[in-house]
Protein chains: 2
Amino acid sequence: MKVAILGYGNLGKGVESAIRQNADMELVAFFTRRDPESLKTQTPGVPVYNVKDIAAHKDEIDILILCGGSATDLPEQTPEYAKYVNVIDSFDTHARIPEHFANVDKVAKENGKVALISCGWDPGMFSLNRLYANCILPEGNDYTFWGKGVSQGHSDAIRRVEGVKNGKQYTIPVDSALESVRNGENPELTTRQKHTRECFVVAEDGADKAKIEETIKNMPNYFSDYDTTVNFISEEELMANHSGIPHGGFVFRTGVTGINKEHKHVIEYSLKLDSNPEFTASVICAYARAVVRMQKEGLTGCKTVFDVAPAYLSPLSADEIRAHLL
Amino acid sequence: MKVAILGYGNLGKGVESAIRQNADMELVAFFTRRDPESLKTQTPGVPVYNVKDIAAHKDEIDILILCGGSATDLPEQTPEYAKYVNVIDSFDTHARIPEHFANVDKVAKENGKVALISCGWDPGMFSLNRLYANCILPEGNDYTFWGKGVSQGHSDAIRRVEGVKNGKQYTIPVDSALESVRNGENPELTTRQKHTRECFVVAEDGADKAKIEETIKNMPNYFSDYDTTVNFISEEELMANHSGIPHGGFVFRTGVTGINKEHKHVIEYSLKLDSNPEFTASVICAYARAVVRMQKEGLTGCKTVFDVAPAYLSPLSADEIRAHLL
């Protein structure tokens, strides 16, 4: 299976290493909007092309993995490149998924390609678990918690505060809320009761730390609805202890069964990830395999994780997975 | 969707109540090997027929849910009734799944039906989670723990011991083993380190309790490889506190990613179930919906949970699940 990568940020680098863990996949090209000469990858033998040349290389590629951002890159790129090759993206702007789906579906169908959008863990594996659990327990409640992990958006917000040199923000689920859900108590939880936010901030020399802390804690949308902790640390400490990109979270479905709805059930799915982009890349690689297979079987159009039978994800044969994993 | 039930034990009763929680499903018939007159169901308006009359009623049924046992019922019933109608079973003898699949697949294909085997939570949801997690993290370790829950086989084994009037056995995962796996320590665990077994035993009047306890604890295959606790209680206490059929468990995949495999990840799926048969029935009902849809689309043959795209399980449209669950 010949795989190409567009975009060489954290996600593109994650895909590069994930491909090495899948023996049936071969990385055949990188595409970039930068000068191809400037891109120093971890896989020197693989050519780097300018993104404008994708059409010229389409016959060398079974699938193009799009590693751009959801705000401006993917809404343009996914429908554009589905003209030439099978594509997969991690589009994560939940509210705009129907629109993105429609745009990509049209192009993919017209060109006989399969495109899979919104792949990763949320959207992705968390969505799948919400769907399965809702179908199994039609009467019940859903809970999703995120963390402990780094929120890029909140870290960016901290860094925009006057007097802040650098910063990192962790989203942390509240243990007592997790326990209450896990015990089947079906709590009604406010935003504040579900997550806390912990900030590690490097202040500029001479900055007013009290004012920075107050500004962060009262920032609407980002922090004001949460119990937020602000820790001032040195740049060295930030680099040494907070340079990773861990994340994770929990998806719960609690529900009832029985003639008198007398029995309670709790379904829980959780992820604890040292590297958010590398895990996302690993999910994408498994679904890239599925996309290529589905297109070979004659399917076309836009798909999501909901449309993919799990057997398509595995390098093993149907006989093998039935014998060893069922 | 017109659904019929064959077999009215715990699982059949669970399916009867689960159908009420799915507005697009209608229970149209019970089938039994007993005298139909003798079957007192919770749904008096629905007819009870002898199992011999299934062929005569085939046009009234979209799917027949087989609620018999895996030892002798299902190997006969699933291929037999796939001649007439779509069927679904919970065949759980892992080692014999390939053989059962082949038998059912042949008949279902010859007769244009879809049959789904081995549905429930293990095999079923646990298998699915093993598959997904193995595809996402190709380099890693799998761990499955069962419980806390009632093992029917081990409870039966206790009741066969001389001097035992009644008994119930709980399989309990060892907390420290769960924690070690959850922390990504990749422990190598013996049988004894993974689960303990707790027995509640009602002794016959005048029975030798010390001998009963020794016999249970040393029973090969069932108890001798485990740390087993034996509690003697009264019949009243057994009925009052141990008449439920709870179960559950945990499926973990721990693995690594990164150019130098430097990042660890933990995927965990767990179930906490007040009623094992009712939850199994709830999974079966969701997959029954998928089976009927797949057959209407022209598919035939034997399927497992691995072959079913998740969207087929939901009563919602593809647009709705993309908009609300992705």
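Note: B:Ser282 leads B:Gly184, B:Ser282, B:Ala286 in heavy-atom pairs under 4.5 Å with chain A. Heavy-atom pairs under 4.5 Å with chain B were tallied for A:Ile136, A:Val266, A:Leu326; the largest tally goes to A:Leu326. The candidate from A:Lys264, A:Arg253, A:Met125 with the greatest count of non-hydrogen atom pairs under 4.5 Å with chain B is A:Lys264. Each of B:Asn134, B:Leu271, B:Asn22 has some count of heavy-atom pairs under 4.5 Å with chain A, and the biggest count is that of B:Leu271. With chain B as the partner, the residue from A:Ser275, A:Ala23, A:Pro138 showing the most heavy-atom pairs under 4.5 Å is A:Ser275. Put simply, of B:Thr257, B:Leu316, B:Asp142, the one with the most heavy-atom pairs under 4.5 Å next to chain A is B:Thr257. Contacts with chain B were tallied for A:Ser17, A:Ser270, A:Pro246; A:Ser270 has the most, counting heavy-atom pairs under 4.5 Å.
With a threshold of 4.5 angstrom between heavy atoms, B:Ile267 approaches chain A through its backbone and through its side chain. Of the atoms belonging to B:Asn129, it is side-chain heavy atoms, and not backbone ones, that fall under 4.5 Å from chain A. Only the side chain of A:Leu128 comes within less than 4.5 Å of a heavy atom of chain B; its backbone N, CA, C and O stay farther away. Neither the backbone nor the side chain of A:Ala18 has a heavy atom closer than 4.5 Å to any heavy atom of chain B. Both the backbone and the side chain of A:Phe279 come within contact range of chain B, each with at least one heavy atom under 4.5 Å from a heavy atom of that chain. With a 4.5 angstrom heavy-atom cutoff, B:Val283 touches chain A via backbone and side-chain atoms both. Residue B:Lys13 does not touch chain A at all, counting heavy-atom pairs closer than 4.5 Å. Of the two parts of A:Thr304, only the side chain, counted from C-beta on, holds a non-hydrogen atom closer than 4.5 Å to a non-hydrogen atom of chain B. Using a 4.5 Å cut-off between heavy atoms, B:Ile284 does not touch chain A at all. Contact annotation for B:Asp319: neither backbone nor side-chain heavy atoms come within less than 4.5 Å of a heavy atom of chain A. Residue B:Asn260: no heavy atom, backbone or side chain, is found under 4.5 Å from chain A. Looking at A:Asp122, the atoms closer than 4.5 Å to chain B (heavy atoms on both sides) all sit in the side chain, from C-beta outward. Proximity to chain A involves both the backbone and the side chain of B:Val305, based on heavy atoms less than 4.5 angstrom apart. Contacts between B:Asn183 and chain A at a heavy-atom distance below 4.5 Å involve backbone atoms as well as side-chain atoms. Proximity to chain A involves both the backbone and the side chain of B:Leu273, based on heavy atoms less than 4.5 angstrom apart. Of the atoms belonging to A:Asp92, not a single heavy atom falls under 4.5 Å from chain B. Only the side chain of A:Leu137 has a heavy atom closer than 4.5 Å to any heavy atom of chain B. At a 4.5 Å heavy-atom cutoff, the contact between B:Arg182 and chain A is made by backbone and side-chain atoms alike. A:Tyr287 touches chain B through its side chain: at least one heavy atom from C-beta onward sits under 4.5 Å away, while N, CA, C and O do not.
For B:Arg293, the side-chain contact (heavy atoms from CB on, under 4.5 Å) criterion is met by B:Arg289, B:Tyr312, not counting sequence neighbours. Annotation: side-chain contact (heavy atoms from CB on, under 4.5 Å) contacts of A:Gln42 (sequence neighbours excluded): A:Tyr8, A:Glu16, A:Arg20, B:Ile259.
Between B:Asn103 and B:Pro75 there is no side-chain heavy-atom pair separated by less than 4.5 Å.
Of the possible donor and acceptor atoms, one in the side chain of A:Tyr143 sits under 3.5 Å from a partner among the backbone N and O of A:Pro187. Between the side chain of A:Gln295 and the main chain of A:Val114, no donor-acceptor pair closer than 3.5 Å is present. Looking at A:Glu320, its side chain does come within 3.5 Å of a backbone N or O of A:Ser317 through a donor-acceptor pair.
Contact between A:Cys302 and A:Asp105 at its shortest, heavy atoms only, is N-OD1, 2.7 Å. Nearest heavy-atom pair across B:Ser118 and B:Asp89 is N-OD1, 2.9 Å.
Considering A:Phe250, A:Tyr132, A:Trp121 in turn, A:Trp121 is the only one that fulfils the ring-ring contact (aromatic ring centres under 6.0 Å, His included) rule with A:Phe126.
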